[in-house]
K.L.:
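Let me give you the structure first, and then I'll get to my questions.
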Amino acid sequence: MDQGKLDRLLLQRIEAKGKITVLTGAGISAESGIPTFRGPEGYWTVGSRVYQPQEMATWNMFQRDPRAVWQWYLYRLGICARAEPNQGHHALVELANLFQNRFTLITQNVDNLHLRAGQDANQTYEIHGNIFFVRCSNECDGSIHPLPQGITGKSKEEAISEDQWETLHCSECGQLLRPHVLWFDETYNEPHYRLESTLAVTHETTVLVIVGTSGATNLPNQIVSKVYRQGGAIIDINIASNRFGQFAEAYDAGMAILQPSNTALPEFVQYLKNRLS
Ligand code: OAD
């Protein structure tokens, strides 16, 4: 890690008391055994047809075949429930402790691993939701609840029982519950996905650290371009060259660190602790 460059990009900005914001994507959970979104393991078979996540994770598919969508989510839930937070998640908890109310975590991950690592829920904006929560698909009151009792992760082969299907219905209006996640054919909003809060914190961000995302979604792109326009520092941590890393490298207040997040983040946090002590 080029500490001279980090000093140049970060020290003055940190002293100026701006906010440090971390934006994470699937890459940070890869070392915990959760397949990334655009990696090779995302597909799902219904009958004889193979679907990509971009087709399964849609309101349209939920309308056509809600059972297949739930089956897929319960499979993903099992993977998330078995996974453990890794050194990258833990390092971000240390970073939050270091910066206190100047720190915000914005995550695209729905796997709950940041919260399980001990991240404060108030400082963690889950902009794509959380797979361990549900809400009424009819949005009868818009409230978000933990998964009903008895709903647990499943293997690919294990079908949802009739009893379980019954519990996947809203206790208020009787309509089907849905996973509390943002689907590809839906848009961001504040009550469910912290859209306005994210834009507000971005406005105050002087240091943005991006971790393990391919930069394919809309709001993360808005965050990066807003921080850039404000002259904030942009650090991208990723094992591979990617859209945000290339952008950071081409920007005089940016830097790409080509390293797995579970080693890069502990190193980065240790560097900051040394500088701030
Ligand atoms: P992707 O699967 O698109 O990208 C994962 C990124 O992580 C890639 O750039 C990898 O190079 C990088 N990566 C993999 N292993 C890593 C490691 N150990 N350390 C650091 N980086 C690593 O996942 P996302 O960018 O998170 O949204 O996808 C964003 C969103 O796309 C998802 O949240 C999902 C999808 O649309 C919704 O479903 C709304």
K.L.:
Do Leu113 and Leu92 land in one hydrophobic cluster if side-chain heavy atoms of ILVMFWY residues count as linked below 4.5 Å?
P.N.:
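No, it is not one cluster - the side chains of Leu113 and Leu92 are not joined through contacts under 4.5 Å.
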
K.L.:
With side chain to side chain donor-acceptor pair (under 3.5 Å) as the criterion, how do Gln270 and Asn274 come out once you've worked through the C-alpha distance, each side chain's angles and the decisive distance to 0.1 Å?
P.N.:
CA-CA 6 Å; Gln270 191 54 51; Asn274 293 343; 3.0 Å; yes

K.L.:
Starting from Ile239, can I reach Leu23 by hopping between I/L/V/M/F/W/Y residues whose side chains sit under 4.5 Å apart?
P.N.:
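No: no chain of side-chain contacts under 4.5 Å links Leu23 to Ile239.
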
K.L.:
Is there a donor in the side chain of Gln246 and an acceptor in the side chain of Asn242, or the other way round, less than 3.5 Å apart?
P.N.:
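On atom types as modelled, these side chains do not qualify, holding no pair under 3.5 Å.
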
K.L.:
Under a 3.5 Å threshold, yes or no: a donor from one side chain and an acceptor from the other, between Gln149 and Thr167?
P.N.:
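No - no donor-acceptor pair under 3.5 Å links their side chains.
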
K.L.:
Strictly by modelled atom types, are Thr205 and His203 linked by a side-chain donor-acceptor pair under 3.5 Å?
P.N.:
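Short answer, no.
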
K.L.:
Is there a continuous path of hydrophobic side-chain contacts, each under 4.5 Å between heavy atoms, that joins Ile257 to Leu11?
P.N.:
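Per the 4.5 Å side-chain linkage, Ile257 and Leu11 are co-clustered.
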
K.L.:
Do Asn86 and Ser32 have side-chain N/O donor and acceptor atoms under 3.5 Å apart?
P.N.:
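Yes, Ser32 and Asn86 have a side-chain donor paired with an acceptor closer than 3.5 Å.
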
K.L.:
Checking ring pair (Phe, Tyr, Trp, His ring centres under 6.0 Å) for the pair His180/Tyr73: CA distance, chi angles, key distance, verdict?
P.N.:
CA-CA 11 Å; His180 171 54; Tyr73 272 103; over 10 Å; no

K.L.:
Only counting residues at least two apart or in another chain, list the ones meeting side chain to side chain donor-acceptor pair (under 3.5 Å) with Glu139.
P.N.:
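Side chain to side chain donor-acceptor pair (under 3.5 Å) list for Glu139, sorted by chain: Arg135.
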
K.L.:
Scan for side-chain hydrogen bond (donor to acceptor under 3.5 Å, both in side chains) pairs involving residues 95-110, sequence neighbours excluded, and state none if there are none.
P.N.:
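Every pair satisfying side-chain hydrogen bond (donor to acceptor under 3.5 Å, both in side chains) with a residue in residues 95-110: Thr24-Thr107, Gln108-Thr213, Gln108-Thr217.
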
K.L.:
Which residue pairs pass the ring pair (Phe, Tyr, Trp, His ring centres under 6.0 Å) test with at least one member in residues 232-254, sequence neighbours excluded?
P.N.:
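Found Tyr228-Phe247, Tyr228-Tyr251.
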
K.L.:
As a quick check of understanding, evaluate side chain to side chain donor-acceptor pair (under 3.5 Å) for Asp163 and Ser161, giving each step before the final call.
P.N.:
CA-CA 5 Å; Asp163 284 350; Ser161 72; 5.3 Å; no

K.L.:
After noting the C-alpha distance and the side-chain angles of Ile144 and His192, does the key distance pass the side chain to side chain contact (heavy atoms under 4.5 Å, CB included) rule?
P.N.:
CA-CA 8 Å; Ile144 300 162; His192 293 145; 3.9 Å; yes

K.L.:
Quick one: which residue pairs count as a salt bridge (Lys or Arg N to Asp or Glu O under 4.0 Å) with a foot in residues 217-235, not counting sequence neighbours?
P.N.:
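Pairs touching residues 217-235 that pass the test: none.
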
K.L.:
Treating Ile, Leu, Val, Met, Phe, Trp and Tyr as nodes and any side-chain heavy-atom pair under 4.5 angstrom as an edge, say whether Phe268 and Leu276 lie in one connected cluster.
P.N.:
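Both belong to a single hydrophobic cluster.
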
K.L.:
Evaluate the criterion side chain to side chain contact (heavy atoms under 4.5 Å, CB included) for residue pair Leu147 and Thr152; output intermediate values, then yes/no.
P.N.:
CA-CA 8 Å; Leu147 281 160; Thr152 50; over 6 Å; no

K.L.:
Which residue in the set Arg194, His128, Gln222 passes side-chain hydrogen bond (donor to acceptor under 3.5 Å, both in side chains) when paired with Tyr188?
P.N.:
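Answer to the side-chain hydrogen bond (donor to acceptor under 3.5 Å, both in side chains) test with Tyr188 among Arg194, His128, Gln222: His128.
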
K.L.:
Filter on side-chain hydrogen bond (donor to acceptor under 3.5 Å, both in side chains), then keep only pairs touching residues 57-67, sequence neighbours left out; what's left?
P.N.:
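Qualifying pairs, neighbours excluded: Arg67-Glu162.
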
K.L.:
Grab the two heavy atoms, one from Ala240 and one from Asn238, that are nearest each other, plus how far apart they are.
P.N.:
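Ala240 and Asn238 have their closest heavy atoms at N-OD1, 2.9 Å.
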
K.L.:
Please collect all ring pair (Phe, Tyr, Trp, His ring centres under 6.0 Å) contacts where either partner lies in residues 78-103, sequence neighbours excluded, each pair once.
P.N.:
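Sorted pair list: His89-His114.
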
